[in-house]
Structures are given as structure tokens and as C-alpha cells.
Amino acid sequence: MGKWGGSLLIKLSVMLSLSVVALANNGDFHLFYFVQQWLGSYCDQHGERCCFPDSGKPAAEFSIYGLWPYYNDGSFPYNCGGGNFNEALLKPMQDSLRKEWPSFTCPQIGRKFWVHEWNKHGTCSKSVLGEVAYFKAALALKNRVNILQALTRAGIRPNNQMYPLKAVKKAIARATGFHPWVVCNSNSQGVSQIWQVSMCVDRTGTRLINCPFVPKGQGDCGSQIKFPSY
């Protein structure tokens, strides 16, 4: 086979491989990851600056970080388009969103963060949940999955102390009936600290399920992790 024939076969092979990958991930999403974060850890990480809303610093609590659709191979779709954000639709639940789904990321406070989450993640689940249903589902899940209460009942408190990662996971699993995926970041001293807690949710956005895979690209925790004050 000549040089050009071999080159053509290589190109066709690459194109076929890319097509297979595209087809594998072109189907509908498999499940949601419902993610909550401890803002004390977010604001405590190296190089981060937090902006508080005009109403002041919210009460100490885990807050919603996102409701993210995932494929069954652990990858996820994003920026799917075709779902223009309509702020007016969220007005009836705006107070709840400000309380349960705040953002301290400068300058993505409040509405800007919700727009970001809808455009990046919500649009990829719009075949199942429209804009209003998407945000309602996240708020309902937040009411059901009280991470701080679960940890407090197990004697794990935001007091700048170190706790075994296994104990953190066990406390959440005992309270919810399902095993969580815990993500850590590092503070300015390089200490591993609890940041995000993710639970798997079925495609309807209503029912907790066992996680069939570990999401790709998530931060690892040490065996002992800090629970920083807020």
C-alpha cells in the first residue's frame, strides 16, 4: 500500500473512533450528581477571594453547588444550549435560591451563578427538567439531604479539627441511606479539607440512588480531613 493509501486509512480510522465516542455520548444523560459545598472551605482555599451578598454572610450551612447530568461512563455533557434563562420564572422561589444556592464567587453572586449553572448543566437535562423544574428539584433535594445535620449528629463539627474521611462518609451514609462522594480542596497551608459532597440522583431529579461510578476529575481527600469553621 502506498504512502497516501496508508495515510487515508489512518485518517478514516481516527474519524471512525471519534464518531464512536460521539455516538456513545450523544444519547441522553444517565443520572444527576447533586453537589453541595461547604463555603467555609471554598473561601479558605489558597488564592480564593469571596464576595458576600448585600444581605450579609449567610448562616453556616452546606449550600447547593449544582445539579449536574452525567453519562453512564462517568463523563458529562455541558453547554448544551437551546434553553434561554428566564429570571422571571424563578421569582417565586428566589428567596429560597438565595438561601440554599448562594455563591460567594466574585462576581458570580446570586443570579449570575444561577445563569451559569443553568447554561452549563441545566440545558443538558432540559429533555427531562425545564428551567423551573430543574431549580425546584435542586431545592427539594437540599431539603432532603442535610449534610451539616448528619455530620453534627456524628460529632463532626466545623471547628477547624481533623476528622477521619471514613467517619465523614459513614455519617452521611447513615443519614441518607446512600454513600456520598466527598471532594476535598486544600487551604493556604496545604491541609486537605472537606469541600463538596455529592449524591447520585435518578434522571427525574427526585430519587437518590447508588452511584455506579466515580465522577471524572474530582479532587481526592486525605485519610484525615479538616472541617474548617465558617
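From a predicted model like this one, the values you see are computed outputs, not experimental measurements.
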Asks: What's the spacing between Gln45 CD and Asn187 CG if we round to 0.5 Å?
Replies: 10.0 Å
Asks: First locate atom CG of Leu90, then atom NZ of Lys136, and finally report the distance between them rounded to the nearest 0.5 Å.
Replies: 10.0 Å
Asks: Take Val201 and Ile209 through the test side-chain contact (heavy atoms from CB on, under 4.5 Å) and record every step on the way to the result.
Replies: CA-CA 5 Å; Val201 182; Ile209 59 175; 5.7 Å; no
Asks: Do His30 and Tyr70 make a side-chain contact, defined as non-hydrogen atoms from C-beta onward lying under 4.5 Å apart?
Replies: no
Asks: Looking only at atom types and distance, does a side-chain atom of Ser192 sit under 3.5 Å from a main-chain N or O of Ser186, one as donor and one as acceptor?
Replies: no
Asks: Can you label the angle between the Phe113 ring and the His116 ring as parallel, tilted or perpendicular, going by 30° and 60°?
Replies: parallel
Asks: Does Glu131 reach the main-chain N or O of Asn86 with its side chain, forming a donor-acceptor pair under 3.5 Å?
Replies: yes
Asks: Identify every side-chain donor-acceptor pair in residues 34-42 under 3.5 Å, counting partners at least two apart or on other chains, and give the distances.
Replies:
unit_1, atom_1, unit_2, atom_2, d
Gln36, NE2, Val145, O, 3.0
Gln37, OE1, Trp195, NE1, 3.0
Trp38, NE1, Pro228, O, 3.0
Ser41, OG, Ile194, O, 2.3
Tyr42, OH, Glu48, OE2, 3.2
Tyr42, OH, Thr105, OG1, 2.8

Asks: Are side-chain heavy atoms of Thr176 and Met199 found at a separation under 4.5 Å?
Replies: yes
Asks: Do any N or O atoms from the side chain of Arg144 and from the backbone of Thr206 form a donor-acceptor pair under 3.5 angstrom?
Replies: yes
Asks: Does any non-hydrogen side-chain atom of Phe178 lie less than 4.5 Å from one of Asn210?
Replies: yes
Asks: Determine whether Tyr230 and Met162 fall in the same hydrophobic cluster, where Ile, Leu, Val, Met, Phe, Trp and Tyr are linked whenever their side-chain heavy atoms lie under 4.5 Å apart.
Replies: no
Asks: Checking Asp28 against Ser127: is there a side-chain donor and acceptor pair closer than 3.5 Å?
Replies: yes
Asks: Do the non-hydrogen side-chain atoms of Leu31 and Pro212 ever get within less than 4.5 Å of each other?
Replies: yes
Asks: Taking the six-membered ring of Phe29 (Phe, Tyr or Trp), confirm whether the NZ or CZ of Arg203 is under 6.0 Å from its centre and within 45° of its axis.
Replies: yes
Asks: Please check this pair: side chain of Thr152 against backbone of Leu148, looking for a donor-acceptor N/O pair closer than 3.5 Å.
Replies: yes
Asks: Could you tell me which residues satisfy side chain to side chain donor-acceptor pair (under 3.5 Å) with Asn143, sequence neighbours excluded, listed by chain and number?
Replies: none
Asks: Are Val191 and Val183 co-members of a hydrophobic cluster defined by side-chain heavy atoms under 4.5 Å apart?
Replies: no
Asks: May I have all residue pairs that pass ring-ring contact (aromatic ring centres under 6.0 Å, His included) and include part of residues 129-160, sequence neighbours excluded?
Replies: Trp101-Phe135, Trp118-Tyr134
Asks: Evaluate side-chain contact (heavy atoms from CB on, under 4.5 Å) for Leu165 paired with Cys221, printing each intermediate quantity in order.
Replies: CA-CA 8 Å; Leu165 174 62; Cys221 297; 3.8 Å; yes
Asks: Can you name the closest pair of heavy atoms from Cys184 and Asp220 and give their distance?
Replies: CB-O, 3.8 Å
Asks: Quick one, Cys124 and Phe76 - any side-chain contact, counting heavy atoms below 4.5 Å?
Replies: no
Asks: Taking Lys126 for the side chain and Gly81 for the main chain, is one N or O donor matched with an acceptor at less than 3.5 Å?
Replies: yes
Asks: Take Cys211 and Tyr33 through the side-chain contact (heavy atoms from CB on, under 4.5 Å) test and state the conclusion after the steps.
Replies: CA-CA 9 Å; Cys211 295; Tyr33 259 86; 3.6 Å; yes
Asks: Working to the nearest 0.5 angstrom, can you tell me the gap between Leu151 CG and Phe227 CZ?
Replies: 5.5 Å
Asks: Are Asp44 and Gln193 packed together at the side-chain level, in the sense that at least one heavy-atom pair is separated by less than 4.5 angstrom?
Replies: yes
Asks: List the steps and the verdict of side-chain contact (heavy atoms from CB on, under 4.5 Å) for Asn79 and Thr123.
Replies: CA-CA 7 Å; Asn79 297 335; Thr123 55; 5.8 Å; no
Asks: Tell me, do Met93 and Leu139 make a side-chain contact under 4.5 Å, heavy atoms counted?
Replies: yes
Asks: Mark yes or no for whether Asn160, through its side chain, and Ser229, through its backbone, hold a donor-acceptor pair below 3.5 Å.
Replies: yes
Asks: Locate the shortest heavy-atom distance separating Cys43 from Phe104; write the atom from each residue and the value.
Replies: SG-CD1, 3.6 Å
Asks: Hey, could you give me the CG/CD1 distance between Leu97 and Ile64, rounded to the nearest 0.5 Å?
Replies: 7.0 Å
Asks: Nearest 0.5 Å please: distance from the OG atom of Ser125 over to the CH2 atom of Trp68.
Replies: 13.5 Å
Asks: Quick check on Lys169: does its NZ atom have over 12 non-hydrogen neighbours (other residues, nucleotides or ligands) under 6.0 Å away?
Replies: yes
Asks: State, with a plain yes or no, whether a side-chain heavy atom of Leu67 is found less than 4.5 Å away from one of His121.
Replies: no
Asks: Say you draw a straight line from CD of Gln94 to CZ of Arg98; how long is it, rounded to the nearest 0.5 Å?
Replies: 4.0 Å
Asks: Do you know the tightest heavy-atom contact between Tyr71 and Pro77?
Replies: OH-CB, 3.5 Å
